[in-house]
Amino acid sequence: MVYSLDKTMQDITEKQITEWKEELVRQVQTRDNAQKELEAANININALQGGVQFGELLLKKNESLSQQSGTVDLNQQSKKAPSKK
């Protein structure tokens, strides 16, 4: 059995296909832009994580060196009672 679309149905179908193709192009562009944004965000996240990791390691190394050399961190709060006037 062969189906034949009348002219009106054929026109409607062709118009719908054209609209779908146009929407497909827009959606692909949206996806591609989103992927670029995601890649940029991932690069920034990795850089920030690396910076945090570097800073934390630097603090640990400094703390370790201070303990080995017997130096005292002058920024620590004194645990003595406040002096009376």
Side-chain angles (χ1 to χ4, degrees):
M1 182 189 251
V2 177
Y3 292 102
S4 176
L5 296 175
D6 65 12
K7 181 68 174 150
T8 303
M9 277 302 289
Q10 185 175 348
D11 290 344
I12 292 171
T13 303
E14 288 173 355
K15 182 180 177 191
Q16 183 64 60
I17 290 170
T18 301
E19 290 175 7
W20 283 337
K21 285 181 178 180
E22 291 168 354
E23 182 62 22
L24 177 60
V25 168
R26 284 191 294 273
Q27 292 300 319
V28 168
Q29 288 174 341
T30 299
R31 182 206 55 204
D32 292 347
N33 290 337
Q35 285 178 332
K36 289 176 187 174
E37 288 292 322
L38 177 61
E39 290 169 8
N42 283 333
I43 289 169
N44 290 335
I45 288 168
N46 289 337
L48 291 166
Q49 288 174 332
V52 168
Q53 189 176 31
F54 170 77
E56 289 173 344
L57 288 172
L58 190 62
L59 289 176
K60 285 180 184 178
K61 182 176 181 178
N62 187 41
E63 183 180 303
S64 175
L65 290 174
S66 293
Q67 289 174 353
Q68 288 176 2
S69 66
T71 59
V72 176
D73 185 359
L74 298 177
N75 291 326
Q76 289 182 345
Q77 292 287 333
S78 173
K79 296 195 180 191
K80 296 179 188 176
S83 60
K84 295 182 181 181
K85 293 186 179 181

Peer 1: Keeping to residues at least two apart or across chains, list the salt bridge (Lys or Arg N to Asp or Glu O under 4.0 Å) pairs with something in residues 24-36.
Peer 2: E23-R26
Peer 1: Rounded to the nearest 0.5 Å, what's the gap from NZ on K15 to CG on D11? Could you check?
Peer 2: 10.0 Å
Peer 1: Could you state the interatomic distance from CE (M9) to CD (Q16), rounded to the nearest 0.5 Å?
Peer 2: 10.5 Å
Peer 1: Begin with the C-alpha distance, continue with both residues' side-chain angles, and end with the deciding distance and a verdict on side-chain hydrogen bond (donor to acceptor under 3.5 Å, both in side chains) for E39 and Q35.
Peer 2: CA-CA 6 Å; E39 290 169 8; Q35 285 178 332; over 6 Å; no
Peer 1: How many angstroms lie between CD1 in I12 and CD1 in I17, if you round to the nearest 0.5 Å?
Peer 2: 12.0 Å
Peer 1: Is it the case that more than 12 heavy atoms not belonging to Q53 sit under 6.0 Å from its CD atom?
Peer 2: no
Peer 1: Please round to the nearest 0.5 Å and tell me the distance separating atom CD1 of I43 and atom CG of L48.
Peer 2: 12.0 Å
Peer 1: So, the side chain of S66 versus the backbone of N62: is there a donor-acceptor pair under 3.5 Å, distance only?
Peer 2: yes
Peer 1: Check side-chain contact (heavy atoms from CB on, under 4.5 Å) between Q49 and all other residues, then give those that pass, not counting sequence neighbours.
Peer 2: I45, N46
Peer 1: Could you give the distance from NZ (K61) to CZ (F54), rounded to the nearest 0.5 Å?
Peer 2: 9.0 Å
